[in-house]
Structure formats: C-alpha cells, structure tokens
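Heavy atoms only: backbone and side chains are in, while hydrogens, waters and symmetry mates are out. As the structure is a prediction and not an experimental result, all values here were calculated from the model. Every chain is numbered from 1, with letters handed out A, B, ... down the list of sequences.
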There are 2 protein chains.
Amino acid sequence: MTGVSQTTVSIVLNERDDAAVRIAPETRERVLAAIRRTGYVADPIARRLAEQRNRFLGVFTYEPVFPAGLGDFYHPFLVGIEECAESIGCDLLLFTSAPVVDGRRRIFHSGNRLRLADGCILLGRWLDPEELARLLAEGQPFVSVGRRDDAGGPVPYVGADYPAATAAQVRRAVELGHTRIAYVGEGSGAESHTDRLRGFTEAVDRAGITGVHIRFGEPVDVMDSLLDQGVTAIFMEEFADGAILAAEAQRRLLGVPQDLSFVALGDPTRPAGTDLEFTGFRIPRREMGWQAVEVLSAIIDGTGGTMQRLLPCQPVAGTTLAVARA
Amino acid sequence: MTGVSQTTVSIVLNERDDAAVRIAPETRERVLAAIRRTGYVADPIARRLAEQRNRFLGVFTYEPVFPAGLGDFYHPFLVGIEECAESIGCDLLLFTSAPVVDGRRRIFHSGNRLRLADGCILLGRWLDPEELARLLAEGQPFVSVGRRDDAGGPVPYVGADYPAATAAQVRRAVELGHTRIAYVGEGSGAESHTDRLRGFTEAVDRAGITGVHIRFGEPVDVMDSLLDQGVTAIFMEEFADGAILAAEAQRRLLGVPQDLSFVALGDPTRPAGTDLEFTGFRIPRREMGWQAVEVLSAIIDGTGGTMQRLLPCQPVAGTTLAVARA
DNA sequence: CCACTTTGTTAATGCGTATTACCAACGTGA
DNA sequence: TCACGTTGGTAATACGCATTAACAAAGTGG
C-alpha cells in the first residue's frame, strides 16, 4: 500500500528511534496513515515467536486450582499472584491439563506443557522432591509458594515463617502459666508441618517447659491421651482438627479456654465448622502470592536478589487461649 | 540426541499416522524416550503460528479474576470452567495483563493478546456491546457466561434463565395470596437485570396482580415507599440489597416473613451479612462455566450446535416467603 | 534383472514478526 | 577529485514448529 518494506512497518509500529535505524518523518507518517486506515494490528503470536518469551506465568497445583467443595485455601494466594502479574504485565496460565496419576497431578509427564510459560509458580502443601530436583536441574525458572527443603540445590520459595509464629504462640502460653503443652499433628512430611513442630519444640525447650507431640486420630483417644498427660494447652497443626478436638473437649464439659486452651497454627486448609474464634496466627497468603511473582520475575529476568523469603505471620488473639488452670 | 530430523520429532509428537508419512515403531520409541527424558515440549507460540491452534482457552473478566475482598461470585464459574477445560485437555489463560481504562479492563487495546488463545470466555455482569460487536465482526471465537443481547449479530452465550426463575417465584407468591408485590433493583443495564424484571413483569401481568418497580436507594426511603404502596412481598434483584432492606424491616419491628416477605433473585454478588435464609433461587454457576467451555470448544472446532443456552435456576425454599398478611 | 511399489525419513518451505547487516545516495572537507 | 561520514531504507535471517514433496532403501512381481 505504501510501497515500503515490512521492516519499515515494523520499525514504525514499535516506535523505534535508534540511531541505527532511521525512518524519515514523512515516510513514517505515510505508514501510520495506512495503519490507521486499515486498522492493522501486529499478530501477537508471531511477535512472541520473534521475541523469545511470551509473558506467561504458569501456575501449577497438584489439586485443581479452583477446588470445588472446599474452603478456598488457595484463593488468597491467587489473589496476590494475579495482582502482581497484572502489575508486571503478565498473563497467568493455569495448567489445568496436567493429567492425574495416583490421585494427583504430575509436573512431568509426556506432553508436559510447563515450558509454555516463561516461568512457573508451584502451589501446594507438598511438592514431590524428585520433581523439584528435576526442575532445578533443567534450569526451569520456577518458584514455590511455601518453603521447601533443598532438592539437589536451593529451591526458590516464598514461605510463611511458621517456626517464628509458632514459637511466639508458645511464649504466649508460657506467659499465661502453661507448663505442659501439646503439639497435635503430623509434624513431618510437608515442610509446613516440620517447620511448625520445630518452632514448637525449640520454644518449649528454651522456656524449660514440657511439650508433647502426638498425632491426630480418633478425637476420643487423642483427648484421653492429652488429659492423661496433664496437658493444659493444645497447639493444632490443622485448624480443622482443632475444631474437632475442641468439640470433643466441650462434649466432656471442659470449658474452652477456661479448662483447656487451644491454639490453631494457621488458617483452615479444609472447611472447619466451629463457633470458636481460635487463637493462633494468620498466614500472609496474599502477600506470599504477590512476592512469589516478584521472585519468579527476578529469576526470569536474571536480575539477582533473594530467592528464598520467609514472611511473618500475623498473630490472631482469638478467645481460645487463657490462663492455665491451676 | 536421536539423530533424527526435526520433521520426525514433529510427526512423533503429533502422533500422526497418515499413510503418507510413516515412522518405524522403533524410531518412534527412540524419539519418545528422548522426549520423556528431556521433558521437551513443543513451543506453543511457534505451534500456533504454524498450525493456528494451541489448546489455550482465554478467560477474560472486566474485574480481577480473583476478586480480593469479595464473596467469590466468580469462583463457581471458574470451577466449572476448569473442570471442563481439564476434561478436554486445554489450559486456561487468564488475561490479567489487560490494561485498565476508566476503571475497568478493556478487551481491545494496542497489544491486545486475545489472539494468543484459541478462544475466549467472557465473564462479567456487563460486557461492552461495542467490544462484543467487534469480536463478532473479527470472527474471534468466544462465548459469554451470561446471556447477551445481539451485538450486530447473535452472541454465543451460556446464561441462567432468569425470566423463568423469577416468574416461578412470582407464581409462588401469588399462590400464597400476595396481590401487591415489588421488584427492587435497576431492572435495566445488564441483561441479567432486564431479564429478571421482564420475568417479574410478565408473571405479574399474567397473574393479574399488581407489581411495582423501584430502584434501590436509601433503605429508609425505599421501605417507606414500599409500605406506602401496600406491598407485601419484595423481590430483590441484588441479594445484598435484600439483606439490607430486610434489616430495615426488622428495625421497624416488621416480622420477616410474617409481616413482609422477601425473595432474592439469585446468589449474592457481593458479601451480604444476614441471618435470614432467603427464599429465591440459585444460579447454576458451575454448570454454566462447564457448558461455556463446551460451547466455545464447539465454536473453535467448527462443529455446530446451539450457541445460545439458558440453564434453569434451582429454586431455594428458604424462610422469607410466607402467606400474605391480611 | 528390471520396473515398480512400499516403507521410512528428510530437505525445503511457510507462518508473521523483530533484528541485523548491509547498501545506495547524498553530502563534506581537504 | 577522492576518501569518508550520514541519512534513509531494505534484504536476509532467526524464531520453532507443521506440512508437503521428494528421495533413498528395501521389497516384489514378472
């Protein structure tokens, strides 16, 4: 239409004004006129092909991203992720097509689409160390939401500082006169569990009080065991289990917190029915999501910075932790 | 790695088994092994450029996909969308990078990335008719979640049958002896509003009773007006407004539903604090999301079928609709 | 033993853009 | 006049894949 080359159009479109490539104002105007007349828009696909990146950030979860029946544990993370992605002009690619094997999705599988994105955010309480190791080995840009142990190298993550948050709750209990307290939960497996238990154990040792660790199971049995051991405050790894155990306490006519204190070490990861306002702390999920995108972005761009961040949890006063019963 | 050409890899990758192009099973296996070992994935951008398809479904919302402070109105849609996308092996691309102009995102803008996806799902109570018209004109595959008026042509959608659901509630009220009922809300603007009002008006006319329509505003004024007109049942366009108005009724010591009945025409689109279990209906959001993907998929594949679907809403008995006060 | 088919693989090409190297034409100073 | 910038622009190429025509090797029938 204008008799100029494709190159010239490209230069005009991208408003380049290097010294290296110059276009006469008059020519530029001619091209712009033609663009206006035809409503021409550069094909974004071809553009991406040429530029070698697509400004997609992948989001991978072992469970569905939008869990159907559940109390939206992931949601706040996604809010933060979306906000930050928007601020840096990236789109989010949800890997919904990952096939399910043995009840959960796999990162690596035949037809793995991970590299569709410039980088990837991993969500989930537990991540397969082998898959993490492989991601590291292959140099795939990624970041985990939640602290991860090394997997053949340091894993980039943005996590919650469970040890500090848990320890703070223990100190609070000690101030209120508790001398025999319990940690109820796995305490192993996922890093979020080991971190809580570690914070608990260290704080208990430092305070010189007695801490017991038992796994959750039949509420009746668990409560029997706890009462046998003279425990006055119960630290729950899982909020929902805490609700169950507190109900069991009330069934026995034990007052919460007059007779027995409860501390919930984080937000519910599954729906929990309870009237109690649990004492404990809040995981900064939205902020974690936001910062995860920041870290990932830094990795992709090759700009350095801390690739492992622990964010403080916000204490929640609640009503389930009181002075220890004499 | 395997000593074969790029062509061979492409053929194996796409599982082509034309008579025209054959690969020996042994060679195929060698290539597959290498693919598994390296986790290689074809670049979707290049793929798209060459074959014009990438198995991405775009999701566009005028508001953030993951609204921060709000009662998750979009969430159930997304659950359905994700489930169906997973079932047909597509990934979801969230257009979080769409720039905000005049307080909302725009579909079309310079650097518009819509064409990155094979097709696009549009979410939101209101969609700009001009943008819809342009999508139609350009032949962009898309589907709207929620019914839309024609915009220079029929718009593909999967919506909720508000007229039928609203009319059913009106009939229910008539059965209970109500003869003067009100529709409170905009009744215009978004299709979801006009549809509700239309269902209301038609049902009222057919039943031969009196229906009044007033906009929501200061609760005190609205309630004054409604009581002046002798209204005994109030149909609320917005759930949250209904909660506010019901609170105003109770403030005046009017019993709900003994003295005044309320019907909520759908689920809350914003957080609503209330103890009442509102009578009304439930929008089949998850199913709408699912079917939207089905429709979009059919459009992309060129297989025909109904491009406009209205799904029935599920009635909710609730406790706020009772026999009209004498 | 030759023409002819079948099998397995690849070189070449196109998709629409960004980028780079290079090239005319046109001064400019000595 | 000659060597040397400067200006304005373009041809060529890369990007990573899908597709197609072509081709070598092996088999087959007469």
ask   = Does a donor on one side chain and an acceptor on the other come within less than 3.5 Å for A:T8 and A:S5?
value = yes

note = From CG of B:D17 across to P of C:dT9 the rounded distance in Å is 15 Å

NZ/NE/NH1/NH2 to OD/OE distance under 4.0 Å, B:R28 and B:E15 = no

message = Looking at A:D128 and A:E130, would you say the former's side chain and the latter's main chain have a donor-acceptor pair under 3.5 Å?
response = yes

ask   = According to a strict under-4.0 Å criterion, is B:T27 in side-chain N/O contact with OP1 or OP2 of C:dG8?
value = no

key: Protein proximity profile, nucleotides 16-24 of chain C - base contact B, sugar-phosphate-only contact S, no contact -, cut-off 4.0 Å on heavy atoms   = BBBBB----

request  = For the residue pair A:F56 and B:F56, categorise the inter-ring angle as parallel (less than 30°), tilted (30 to 60°) or perpendicular (more than 60°).
outcome  = perpendicular

ask   = Under the 3.5 angstrom rule, does the side chain of A:D118 hit a backbone N or O of A:R53 as a donor-acceptor pair?
value = no

Nucleotide interval of DNA chain D bounded by contacts with chain A (heavy-atom cut-off, under 4.0 Å) = D:dT7 to D:dG16

query = Is the backbone of B:L135 close enough, under 3.5 Å, to the side chain of B:Q140 for a donor and an acceptor to pair up by distance?
reply = no

inquiry  = For A:Y157, is there any backbone N or O sitting under 3.5 Å from a side-chain donor or acceptor partner on A:R148?
reply    = no

inquiry  = Given 3.5 Å as the limit, does a donor-acceptor pair link the side chain of A:R147 with the main chain of A:D161, or not?
reply    = no

